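From a predicted model like this one, the values you see are computed outputs, not experimental measurements. Letters A, B, ... are given to chains in the order of the sequence lines, protein chains preceding strands, and every chain is numbered from 1.
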Amino acid sequence: MSIEVRVPTILRSHTGGQKLVSGDGDTLAELFDDLDTAHTGLKGRIVTDEGALHRFVNVYVNDEDVRFIGGLEAKLSDGDSVTILPAVAGGM
Amino acid sequence: MVAHARADHPDEACGLIAGPEGTGEPTRHIPMINAARSTTFYEFDAEEWKRVYDQMWEADEEVVVAYHSHTATEAYPSRSDTGIASEMGLPQAHYVLLTTRDPDVAEIRSFRISDGEVTEEPIEVVGAPDAVQTYKFAHSPDSTVYDCH
């Protein structure tokens, strides 16, 4: 099983500069655990200590925003594509 | 960018200029929806942002400029602008801020934001369009360029 993961520029310090990495997992949470073994620190930038997604990171499975499909419990299948993006936000 | 910010006023406007990866050249203006639809906050619409990012990925583009407007305050990154950009932002991008608080004068400034540090950089207008408004540029450490009338 292999899931392709698109890594945003700000997190490429954890992937040796790679923009595309791959990992395994039946859920998004398992995928991030798996990715963290090869790419130390990556998970901590996406998942809080309490086990939720950080507020200003967007994660998608294929085209779906994972907030609408179970968050970290979102199910993954072989060949899925996961995209991580900064939310791009601010305020005065 | 100014036209977009004027059109969305009094809400904050936001958008991108994309360009070929690694060149730093801004070539494609992409006005974005402000999902917050707020006078004091902006956030890219997650669905639209994914579509735009996919197009950029396929075209080997990256974000060269990420801009947003302030509607009642100066064109300078706020504390939350800086905090969010440092924690989970676009480190390669020029963060451009413009303010629409004055209906006649648009003030535009450009910054780099990383690790909680805000560094202003000079802006120079080239190929100014016809019938522009007066653009007022803020002082920066290196230069101040006034252009357009």
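You'll find the side chain of L11(A) reaches within 4.5 Å of the side chain of M88(B), heavy atoms only. Counting only heavy atoms from C-beta outward, the side chains of V63(B) and T9(A) never approach each other to under 4.5 Å.
One hydrophobic cluster, built from ILVMFWY side chains closer than 4.5 Å, cannot hold both I33(B) and V52(B); they sit in different ones. In the hydrophobic cluster analysis, where Ile, Leu, Val, Met, Phe, Trp and Tyr join through side-chain heavy atoms closer than 4.5 angstrom, L53(A) is grouped together with L42(A). Tracing side-chain contacts under 4.5 Å through hydrophobic residues (I, L, V, M, F, W, Y), one reaches Y60(A) starting from V88(A); they form part of the same cluster. Cluster membership check: V47(A) shares its hydrophobic cluster with V57(A), using side-chain heavy-atom separations under 4.5 Å among Ile, Leu, Val, Met, Phe, Trp and Tyr. Hydrophobic clustering (side-chain heavy atoms under 4.5 Å, transitive across Ile, Leu, Val, Met, Phe, Trp, Tyr) groups V96(B) together with V2(B).
Among D65(A), T83(A), I46(A), the residue making the largest number of heavy-atom pairs under 4.5 Å with chain B is T83(A). Contact count against chain A (heavy-atom pairs under 4.5 Å) is highest for E87(B) among E74(B), E87(B), H68(B), M32(B).
No more than 12 heavy-atom neighbours from other residues, nucleotides or ligands sit within 6.0 angstrom of CD on E47(B). Within a 6.0 Å radius of CZ in R37(B), other residues, nucleotides and ligands contribute 12 heavy atoms or fewer. The environment of CG in D115(B) is sparse: at most 12 heavy-atom neighbours from other residues, nucleotides or ligands sit within 6.0 Å.
Heavy-atom distances place no part of T99(B) under 4.5 Å from chain A, backbone and side chain included. A36(B) does not touch chain A: none of its heavy atoms, backbone or side chain, sits under 4.5 Å away. Both the backbone and the side chain of F56(A) have a heavy atom closer than 4.5 Å to some heavy atom of chain B. Using a 4.5 Å cut-off between heavy atoms, R6(A) touches chain B through backbone and side chain atoms alike. Residue F44(B) touches chain A through both its backbone and its side chain, counting heavy-atom pairs closer than 4.5 Å.
The two residues D81(B) and G91(A) make their nearest non-hydrogen contact at OD1-N, 3.0 Å. The nearest pair of heavy atoms linking I10(A) to G89(B) is CD1-N, 3.2 Å. The nearest pair of heavy atoms linking V7(A) to Y53(B) is O-OH, 4.2 Å. E12(B) and G90(A) make their closest contact through OE1-O, 4.5 Å (heavy atoms, listed as atom of the first residue, atom of the second, distance).
Listed for the K50(B) side chain is a donor-acceptor partner under 3.5 Å among the backbone atoms of N62(A).
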- Item | From CA spacing to verdict: salt bridge (charged side-chain N to carboxylate O under 4.0 Å, His left out), K19(A), E62(B) | CA-CA 12 Å; K19(A) 55 196 274 190; E62(B) 65 183 350; over 6 Å; no
